[in-house]
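First up is the structure itself, then whatever we jot down about it.
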Amino acid sequence: ESGYFTKLIEVEECRAVLLWKMWFTCSILHPTVIFRREEFLELGGYQECVAAEDYDLWFRAMEQKKILANIGGEPLLLLRKHRDNTTKKVKSKDVSSKTAWRAMTRLFGSDIQDLTWESVKTIQFCEGTDLSHACTSLKALELLEARFLELLSGYGYHPNKSVRAYLRDDVNRRMCAIVSCAYGQNEMNKDPEDVWRILYG
């Protein structure tokens with residue numbers, strides 16, 4: 001707000017990783033976006049009933065197999081933030097989780113009946129969970145990985161070994177962090193195979 005430079009945000013250029021990261025945070029910077037008006041209208045435009053209108057739009061674009069991509073290289077945007085920004089006024093983590101939850105319920109259908117936005121918040125931020133939410137979050141995380149690979153296939157993407165390894169490592173890391181949060185102790189170094197045994201016995 002005072003005009004000082006705070007940080008440089010490097011965007012994700014690998015398209016498959018970008019789409020994966022979208023489930024955990026809005027990985028496309030809204031002020032930088034360019035799209036065709038007819039594509040925007042085809043998706044139904046911004047939905048005024050949701051707080052994170054742009055995040056919700058990117059999910060609907062993914063569902064319709066629209067191409068989402070970032071342009072790397074030199075910085076293309078200088079963004080000024082101040083105390084009256086919407087993200088400063090609302091609980092941004094809750095808004096993010098509720099938006100991703102709506103997208104996950106569409107993606108999963110009836111496969112996970114007890115998925116709540118609090119469980120999705122646990123997946124996204126690995127915090128504020130109890131054992132019940134942790135179990136649901138772990139199930140959803142595993143299903144998300146499988147459905148995401150199907151989503152990539154629908155795009156015509158065939159992720160290479162390094163991308164698949166990135167996805168598996170990220171899932172394992174989140175699983176261990178969720179267990180750590182649920183038990184209130186340091187379980188971060190546990191073997192991922194132990195995570196299910198800890199929660200399901």
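Remember, it's a predicted structure, so these values are computed and weren't measured experimentally. Residue numbers start at 1 and run along the sequence shown.
Y55 pairs by the ring pair (Phe, Tyr, Trp, His ring centres under 6.0 Å) definition with F59, not counting sequence neighbours. Applying the salt bridge (charged side-chain N to carboxylate O under 4.0 Å, His left out) criterion to E150, with sequence neighbours excluded, gives R147. Qualifying side chain to side chain donor-acceptor pair (under 3.5 Å) partners for S162, counting only residues two or more places apart in sequence or in other chains: N160. Taking the side chain to side chain donor-acceptor pair (under 3.5 Å) definition, one finds that T116 meets it with E118, S119, sequence neighbours left out. By the ring pair (Phe, Tyr, Trp, His ring centres under 6.0 Å) test, F40 pairs with F35, Y46, sequence neighbours left out. Scored by the ring pair (Phe, Tyr, Trp, His ring centres under 6.0 Å) test, F108 finds no partners at all (sequence neighbours excluded).
Counted within 6.0 Å of CD1 on I67, heavy atoms from surrounding residues, nucleotides or ligands total more than 12; the atom is thus considered enclosed. Within 6.0 Å of NZ in K65 there are more than 12 heavy atoms belonging to other residues, nucleotides or ligands.
With rounding to the nearest 0.5 Å, the separation of OH in Y157 from CG in L19 is 6.0 Å. Note: L41 CG to R36 CZ = 13.5 Å, rounded to the nearest 0.5 Å. How far OG1 of T105 is from CH2 of W117: 14.5 Å, rounded to the nearest 0.5 Å. Note that the CD atom of E142 and the OG atom of S137 stand 12.5 Å from one another [nearest 0.5 Å]. Atoms CG and CD1, from L143 and I112 in turn, are 5.0 Å apart once rounded to the nearest 0.5 Å. Taking CE from M22 and CE from M62, the interatomic distance works out to 6.5 Å, rounded to the nearest 0.5 Å.
Annotation: side chain of I28 is in contact with side chain of L18 (closest heavy-atom distance under 4.5 Å). Between E39 and Q64 there is no side-chain heavy-atom pair separated by less than 4.5 Å. A heavy-atom distance below 4.5 Å is not found between the side chains of T136 and T122. Looking only at side-chain heavy atoms (C-beta outward), E63 and R106 come within less than 4.5 Å of each other. Using a 4.5 Å heavy-atom cutoff, the side chains of V163 and C14 are in contact.
Closest non-hydrogen pair, L57 versus G45, comes out as CD1-O, 3.8 Å. Heavy-atom minimum distance, A52 versus V95: CB-CG1, 3.6 Å.
Between R174 and D170 there is a salt bridge, since a side-chain N of the basic residue sits under 4.0 Å from a carboxylate O of the acidic one. The residues R60 and D56 are annotated as salt-bridged, a charged nitrogen and a carboxylate oxygen being separated by less than 4.0 angstrom.
Residues E12 and S27 bring no donor and acceptor atom of their side chains to less than 3.5 Å of each other.
Checked by atom type and distance alone, the side chain of S97 never pairs as donor or acceptor with a backbone atom of D94 at under 3.5 Å. In this structure, Y155 contributes its side chain and K66 its backbone to a donor-acceptor pair below 3.5 Å.
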Test log, rule side chain to side chain contact (heavy atoms under 4.5 Å, CB included), inputs V171 and W20
CA-CA 11 Å; V171 169; W20 173 254; 3.7 Å; yes
Decide yes or no on side chain to side chain contact (heavy atoms under 4.5 Å, CB included) for F24 and L144, but give the supporting numbers first.
CA-CA 11 Å; F24 310 104; L144 177 61; 4.0 Å; yes
Taking it one step at a time, do S96 and T25 satisfy side chain to side chain contact (heavy atoms under 4.5 Å, CB included)?
CA-CA 7 Å; S96 172; T25 185; 5.6 Å; no
As a quick check of understanding, evaluate side chain to side chain contact (heavy atoms under 4.5 Å, CB included) for K98 and K121, giving each step before the final call.
CA-CA 8 Å; K98 289 175 181 178; K121 186 175 182 180; over 6 Å; no
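Residue W23 is not grouped with residue F125 when hydrophobic side chains (ILVMFWY) are merged at heavy-atom distances under 4.5 angstrom, including chains of intermediate members.
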